[in-house]
Enquirer: 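Below is the structure I would like to discuss, written out as structure tokens.
Just so you know, these numbers use all the heavy atoms, side chains as well, and skip hydrogens, waters and symmetry mates. Numbers restart at 1 for each chain; the letters A, B, ... are given by sequence-line order, proteins then strands.
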There are 2 protein chains.
Amino acid sequence: MEVSPSSARLSFALPEGVFTANCPTREQLNRVMSKWSPLLLAALADGPPLRWSELRRKASGITEKMLAQTLRALEDDGFVHREARPVVPPHVEYTLTPEGEQLAGLVLALMSFIVDRTVADDAKAG
Amino acid sequence: MEVSPSSARLSFALPEGVFTANCPTREQLNRVMSKWSPLLLAALADGPPLRWSELRRKASGITEKMLAQTLRALEDDGFVHREARPVVPPHVEYTLTPEGEQLAGLVLALMSFIVDRTVADDAKAG
DNA sequence: CGGCATCCAGCATGATACTG
DNA sequence: CAGTATCATGCTGGATGCCG
């Protein structure tokens, strides 16, 4: 397989099409990078399945609307699995799918980097 | 070093504070995940320093405002270095700082994952 | 060429109330 | 408990024009 010179130096060789305006991966990327997605992925990556109310408490500051909306998007994209047990009161659990765990790993790495950097900056600032 | 049980199973142990509403890392994360940041990081990660006009062409669809705004944010956060040569016509080059390269690596991994997944989905869909 | 200032539209997000 | 529906808003992002 031939590799074009311009992308040879990158460990992740992105196809040029990614930079195109209407590339579907851009849309997908923006969905995954939306305000609350990383936080929910992180919340689910760390630990056991969580219920709606547990997620709401963990993702401090999220509104019910955004929780529902973000969970729905992650579920539609195949990153989150929703399991509802037909009891009263309702009992719903959210878990990561295998693909969701992959994604969460990458997102966690990014968050971890930011956290470390922010902590370091704070230390410098006193 | 002791690790709390709830975070022991994660390769990246995020401090609990990340989930707090006013956590500064959330703000930083959202800035880095803004619509155009990943694309510009990717554009600069792959290859030589780029000029304003080159970046504009590469990040297809970006407006001048968002290009300026995003570059400025990345520069303020220490991820991008701006070098202006005082000639006429002006000649300005943008490069990644060491921290920017770290960040770009993580972002590229994420983009690469999304791209692969999207391609796989497209293949299935025909 | 490489911006910045201004104005404007649309969507992401938010607050609140209601429901199965 | 686990959502949906509705209304409000604010900020991101876009179009245009001007400047060094």
Enquirer: Quick one: does R26(A)'s side chain have a donor or acceptor within less than 3.5 Å of a partner on T20(A)'s backbone?
Expert: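 Flag set: sc R26(A) to bb T20(A) pair under 3.5 Å.
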Enquirer: For the pair made of CD in Q69(A) and P in dA15(C), what is the distance, rounded to whole Å?
Expert: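 Interatomic distance, CD of Q69(A) to P of dA15(C): 14 Å.
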Enquirer: Ignoring backbone atoms, establish whether R85(B) has a side-chain N or O less than 4.0 Å from OP1 or OP2 of dC1(C).
Expert: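 For R85(B), the contact criterion (side-chain N or O under 4.0 Å from OP1 or OP2 of dC1(C)) is not met.
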Enquirer: In terms of side-chain heavy atoms of W52(A), which of dC1(D), dT13(C), dA2(D) is nearest?
Expert: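 In terms of side-chain proximity for W52(A), the closest of dC1(D), dT13(C), dA2(D) is dA2(D).
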Enquirer: Without decimals, in angstroms, what is the distance between H91(B) NE2 and dG3(C) P?
Expert: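 Atom NE2 in H91(B) sits about 11 Å away from atom P in dG3(C).
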Enquirer: Of the listed nucleotides (dT13(C), dG3(C), dG13(D)), which one gets closest to any side-chain atom of W36(B)?
Expert: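 Output: dG13(D).
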Enquirer: Measure the distance from CG on L71(A) to C1' on dG3(D) and round it to the nearest whole Å.
Expert: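 Spelled out: CG on L71(A) to C1' on dG3(D) is 11 Å.
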Enquirer: Looking at dA12(C), I'd like to know if its phosphate oxygens (OP1 or OP2) sit under 4.0 Å from a side-chain N or O belonging to R31(A).
Expert: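 For dA12(C), OP1/OP2 do not have a side-chain N/O of R31(A) under 4.0 Å.
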Enquirer: Is there a side-chain polar atom (N or O) of Y94(B) under 4.0 Å from OP1 or OP2 of dG3(C)?
Expert: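 Indeed, a polar side-chain atom of Y94(B) lies that close.
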Enquirer: Of the listed nucleotides (dG13(D), dA2(D), dG3(C)), which one gets closest to any side-chain atom of E64(B)?
Expert: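 Looking only at heavy atoms from C-beta outward on E64(B), the closest nucleotide is dG3(C).
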Enquirer: If you count the non-hydrogen atoms of other residues, nucleotides and ligands that lie under 6.0 Å from CD in Q102(B), is the total more than 12?
Expert: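 Enclosed: over 12 neighbouring heavy atoms sit under 6.0 Å from CD of Q102(B).
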Enquirer: Let's see if you can work this out: which of dC1(C), dC1(D), dG14(C) has an atom nearest to the side-chain heavy atoms of M66(A)?
Expert: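 That would be dG14(C).
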Enquirer: So do L44(A) and L55(A) actually touch side chain to side chain, heavy atoms under 4.5 Å?
Expert: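 Of all side-chain heavy-atom pairs linking L44(A) with L55(A), at least one is under 4.5 Å.
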Enquirer: So, is the end of the R117(B) side chain (NZ or CZ) under 6.0 Å from the ring centre of F79(A) and within 45° of the ring's axis?
Expert: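 R117(B) over F79(A) ring: yes.
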Enquirer: Report yes or no: is there a donor-acceptor pair, N or O only, under 3.5 Å between the side chain of K65(A) and the base of dT13(C)?
Expert: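 Between dT13(C) and K65(A), which were checked side chain against base, a qualifying N/O pair under 3.5 Å is present.
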Enquirer: On DNA chain C, compare the nucleotides closest to S53(B) and S34(A); which residue's is nearer the 5' end?
Expert: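 Result: S53(B).
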Enquirer: Looking at R56(B) and I62(B), would you say the former's side chain and the latter's main chain have a donor-acceptor pair under 3.5 Å?
Expert: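 No, because the side chain of R56(B) does not come within donor-acceptor range (under 3.5 Å) of the backbone of I62(B).
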Enquirer: Between dG2(C), dG14(D), dA2(D), which nucleotide gets closest to the side-chain atoms of V92(A)?
Expert: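 Out of dG2(C), dG14(D), dA2(D), the nucleotide with an atom closest to V92(A)'s side chain is dA2(D).
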Enquirer: Of the candidate nucleotides dC1(D), dG3(C), dG3(D), which contains the atom at the shortest distance from the side chain of R51(A)?
Expert: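 Of dC1(D), dG3(C), dG3(D), dC1(D) is nearest to the side chain of R51(A).
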Enquirer: Are OP1 or OP2 of dA15(D) and a side-chain N or O of T63(B) less than 4.0 angstrom apart?
Expert: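 Negative; the distance criterion is not met.
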Enquirer: To the nearest Å, how far apart are K35(A) NZ and dC11(C) P?
Expert: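 After rounding, the gap between these two atoms is 19 Å.
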